[in-house]
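The structure appears right after this line, and notes come after that.
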Amino acid sequence: MDKESTRGPDFIRQIVADDVAQGKRDGRVQTRFPPEPNGYLHIGHAKAICISFNIATEFGGKCFLRFDDTNPEAEDTEFVEAIERDVRWLGFEWDDLTHASDYFPKLFELAVTLVKDGKAYVDSLSADEIRSYRGTLTEPGKPSPHRDRSVEENLELFEGMRRGDFDEGQHVLRAKIDMASPNMNLRDPTLYRIRKVAHQRTGDTWCIYPMYDFAHTLSDALEGTTHSLCSLEFEDHRPLYNWLIEQLPVPHHPQQIEFSRLNLMYTVMSKRKLKRLVEEQYVDGWDDPRMPTLSGMRRRGYRPVAIRDFISRVGVTKKDHLIELGSLESAVRDDLNEHAQRRFAVLRPLKIVLTNYPEDKVELLEAANHPNRPELGSREVPFSREILIESEDFMEDPPGKFRRLAPGREVRLRYAYIIKCEDVVKDESGNVVELRCTLDHETRSGSDQAQRKVKGTIHWVSAEHAIRANVSLYDRLFRVPTPDRAEGDLEDHLNPDSLEVLEKAALEPALANADPSEPFQFERQGYFVVDTARAAGDTLEFLRTVSLRDSWAKLEAQALQQAKS
RNA sequence: UGGGGUGUGGCCAAGUGGUUAAGGCAACGGGUUUUGAUCCCGUCAUUCGCAGGUUCGAAUCCUGCCACCCCAGCCA
């Protein structure tokens with residue numbers, strides 16, 4: 001149910017459509033999403049996933065999930081499983097699941113071909129030496145003394161590398177391209193390095209592993225990718241990508257197209273930084289609701305359809321961008337507004353005694369599950385003499401525009417009665433601890449005389465029937481819009497108020513057996529969901545997915561601004 | 001001072017030489033409302049990084065300049 005965009009096809013779809021129209025590659029379309037299993041997927045990956053999977057579907061093609069598992073030191077099956085789960089959760093199913101490691105034998109063969117053709121050589125310089133020989137951005141590199149080894153010697157050495165005759169770092173295999181190229185990627189890039197580490201899939205079969213450019217390009221070419229869609233930072237790699245495909249006898253000639261990656265304000269998207277937040281326990285784990293990971297968003301209560309909608313709202317271009325959080329939240333709200341059933345929950349309770357309501361009386365009042373969707377039915381909410389309201393719905397000395405409860409003022413209790421505040425009870429230190437109100441018996445919701453209008457309507461919960469719950473309120477993880485670019489350490493920019501746990505929340509009884517997979521709107525508050533990861537004892541745990549749009553809060557903020565200036 | 005990219009309203013983004021420069025988010029104003037929500041209506045770029053040029057006509061073509069991003073892993 002993604003919202004239909006009125007905008008024309010993006011530049012990638014235009015290219016693919018042209019290719020198909022011209023019968024390029026027999027009009028076949030095949031894409032792939034190639035994550036490295038060294039971390040969890042985040043919202044930036046969701047963009048890449050949507051692009052590749054959707055384009056394949058739109059053109060009647062295929063999309064593979066391929067693990068780019070060429071660096072066994074960083075990779076782990078935990079990540080493999082998480083990635084598969086997250087891709088499926090987002091709503092996509094791959095036509096085939098492959099691994100760069102599936103191609104290790106063929107990749108080795110192709111490397112040998114390159115050596116035989118004199119297009120690759122074994123270099124025995126140290127990593128430091130290679131770096132210094134590479135030159136700089138403005139100065140050309142110089143050839144390694146090993147650059148002109150004979151094919152025979154190279155073959156022997158490369159076989160030796162493969163057999164495990166050498167230590168890590170002793171040799172690498174390099175492409176022989178152009179040490180003076182203005183494109184650093186063409187200055188004899190490393191193709192293979194020795195790593196005496198077991199691989200999560202191939203075990204000890206290999207002690208040499210291909211580098212990204214070699215493995216990725218040729219995996220594409222081997223499995224029949226037609227359009228290799230990736231992010232902008234690989235633009236400089238495209239000449240190398242094409243070079244490899246031109247040099248080697250591969251069955252397919254894919255085309256690489258780059259788009260800008262997704263950046264969101266007030267968060268970070270680099271796997272390295274996310275990993276650090278997890279490992280140094282600034283967050284609860286990869287699925288912490290403040291994380292931009294898909295698992296975090298899932299726990300937060302964002303639904304796949306909302307994420308897909310957000311991605312399509314953002315579009316596909318080559319322009320670097322930085323997207324406001326509001327844009328994501330708007331997509332999340334649009335989905336939840338449509339699908340979440342409404343409930344009453346009082347987050348910070350203030351007790352009210354209805355002095356003219358019988359002590360032992362309980363009424364069951366009907367409340368709609370969704371005001372705009374009557375087909376979703378209703379539930380009964382118990383009402384009694386003692387109720388709880390949101391403490392911020394009462395002000396002793398309210399500003400002009402305040403429409404809620406105040407001494408001598410009336411409000412409508414939603415789906416119930418109009419009440420009037422008669423008395424304010426305070427403790428020794430002057431805090432308001434209880435309100436004594438009278439109720440207008442003529443104004444019960446649905447009754448003939450219920451039409452009387454008052455300025456405000458508030459939600460409530462019967463004190464006697466309330467269910468206790470903890471409610472976690474999450475906010476942005478960082479307090480600066482671009483923590484990546486900000487001065488100082490990452491942790492200096494963390495938002496100290498990114499989590500507030502309310503331990504006195506009171507819920508209406510209908511929430512007692514809430515289905516953890518079902519989102520709710522706590523009326524006038526926001527969208528909430530059961531926090532399964534937190535549910536330990538017998539206390540109910542909810543978390544706030546996103547607040548409701550709040551024009552009152554905005555007014556208050558503006559008033560505060562004016563008071564300051 | 002090398003190479004590769006990108007510049008359209010606060011944030012995204014259509015636009016592919018020819019009516020008044022789409023749309024979304026945000027903001028602002030108004031209407032409906034027993035959620036200060038939703039919904040609905042309206043306002044919001046005489047101008048497309050800047051300066052020249054070509055053209056009857058330019059965001060779209062040309063030239064120059066400026067700004068920002070990426071690249072010197074045996075990471076991906």
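Letters A, B, ... are given to chains in the order of the sequence lines, protein chains preceding strands, and every chain is numbered from 1.
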Contact class for [X] (heavy atom, under 4.0 Å): base, sugar-phosphate, or nothing?
X      : result
A:L125 : base
A:L322 : sugar-phosphate
A:V546 : nothing
A:G326 : sugar-phosphate
A:E129 : nothing
A:E139 : nothing
A:P371 : base
A:N372 : base
A:Y209 : nothing
A:T70  : sugar-phosphate
A:K401 : base
A:T317 : sugar-phosphate
A:R342 : base
A:V172 : base

Using only side-chain N and O atoms of [X], determine if any of them is under 4.0 Å from OP1 or OP2 of [N].
X      : N     : result
A:Q558 : B:C28 : yes
A:Q14  : B:G15 : yes
A:K455 : B:U34 : no
A:R195 : B:C75 : yes
A:K319 : B:C12 : no

Next item on the list: Would you list the pairs meeting salt bridge (Lys or Arg N to Asp or Glu O under 4.0 Å) in which at least one residue belongs to residues 178-194 of chain A, sequence neighbours left out?
Entry: A:R147-A:D188
Measure distances between side-chain N and O atoms of [X] and base N and O atoms of [N], and say whether any donor-acceptor pair falls under 3.5 Å.
X      : N     : answer
A:E258 : B:G5  : no
A:Q525 : B:U35 : no
A:R412 : B:U34 : yes

Checklist line | Which residue lies more 5' along RNA chain B, comparing A:R404 with A:S327 via nearest heavy atoms | finding: A:S327
Check: Of A:S124 and A:L555, whose nearest nucleotide on RNA chain B comes first from the 5' end?
Finding: A:L555
Without decimals, in angstroms, what is the distance between [X] [atom1] and [N] [atom2]?
X      : N     : atom1 : atom2 : answer
A:E523 : B:G36 : CD    : C1'   : 13 Å
A:D10  : B:U6  : CG    : C1'   : 17 Å
A:F11  : B:G7  : CZ    : P     : 10 Å
A:L218 : B:A76 : CG    : P     : 14 Å
A:E75  : B:C75 : CD    : C1'   : 10 Å
A:F67  : B:C75 : CZ    : C1'   : 18 Å
A:R544 : B:A37 : CZ    : C1'   : 14 Å
A:D69  : B:C75 : CG    : P     : 15 Å

Check: Does the ring centre of A:F234 sit less than 6.0 Å away from the ring centre of A:Y241?
Finding: no
Notebook entry, point to check: Between A:Y212 and A:H216, is the gap from one ring center to the other below 6.0 Å?
Noted result: yes
Notebook entry, point to check: What is the per-nucleotide protein-contact pattern of nucleotides 65-73 of chain B, from the 5' end, where B denotes a base atom under 4.0 Å from a protein heavy atom, S denotes such proximity for sugar-phosphate atoms only, and - denotes neither?
Noted result: ----SBBBS
Should [X] and [Y] count as an ion pair when the cut-off is N to O under 4.0 Å?
X      : Y      : value
A:E390 : A:R404 : no
A:E410 : A:R452 : yes
A:R313 : A:D309 : yes
A:E363 : A:R444 : yes

Check: A:F520 ring centre to A:R343 NZ or CZ under 6.0 Å, with the angle to the axis within 45°?
Finding: no
Next item on the list: Would you verify whether the NZ or CZ of A:R162 falls within 45 degrees of the ring axis of A:W206 while also being under 6.0 Å from that six-membered ring's centre?
Entry: yes
Check: If only atom types and distance count, is the side chain of A:D102 paired as donor or acceptor with the main-chain N or O of A:H99 below 3.5 Å?
Finding: yes
Note to self: Can a donor-acceptor pair be found, under 3.5 Å and without considering hydrogens, that links the side chain of A:S144 to the backbone of A:H146?
What the structure shows: yes
From the set [options], return the single nucleotide nearest to any side-chain atom of [X].
X      : options             : value
A:S445 : B:U34, B:G5, B:A37  : B:U34
A:R193 : B:A76, B:G24, B:A37 : B:A76
A:I130 : B:A26, B:C74, B:A27 : B:C74
A:H321 : B:A13, B:G36, B:A27 : B:A13
A:R313 : B:G36, B:C25, B:C74 : B:C25
A:V314 : B:A76, B:C12, B:G2  : B:C12
A:R524 : B:U35, B:G5, B:U34  : B:U35

Please measure how far the [atom1] atom in [N] lies from the corresponding atom in [M], and state the result in whole Å.
N     : M     : atom1 : value
B:C40 : B:C25 : P     : 10 Å
B:G24 : B:G18 : P     : 24 Å
B:C71 : B:A51 : P     : 32 Å
B:A37 : B:C75 : C1'   : 47 Å

Note to self: Apply the syn/anti split at 90° from 0 to B:G23 and say which one it is.
What the structure shows: anti
Checklist line | Note, A:C230 side chain near A:E235 side chain (heavy atom, < 4.5 Å) | finding: no
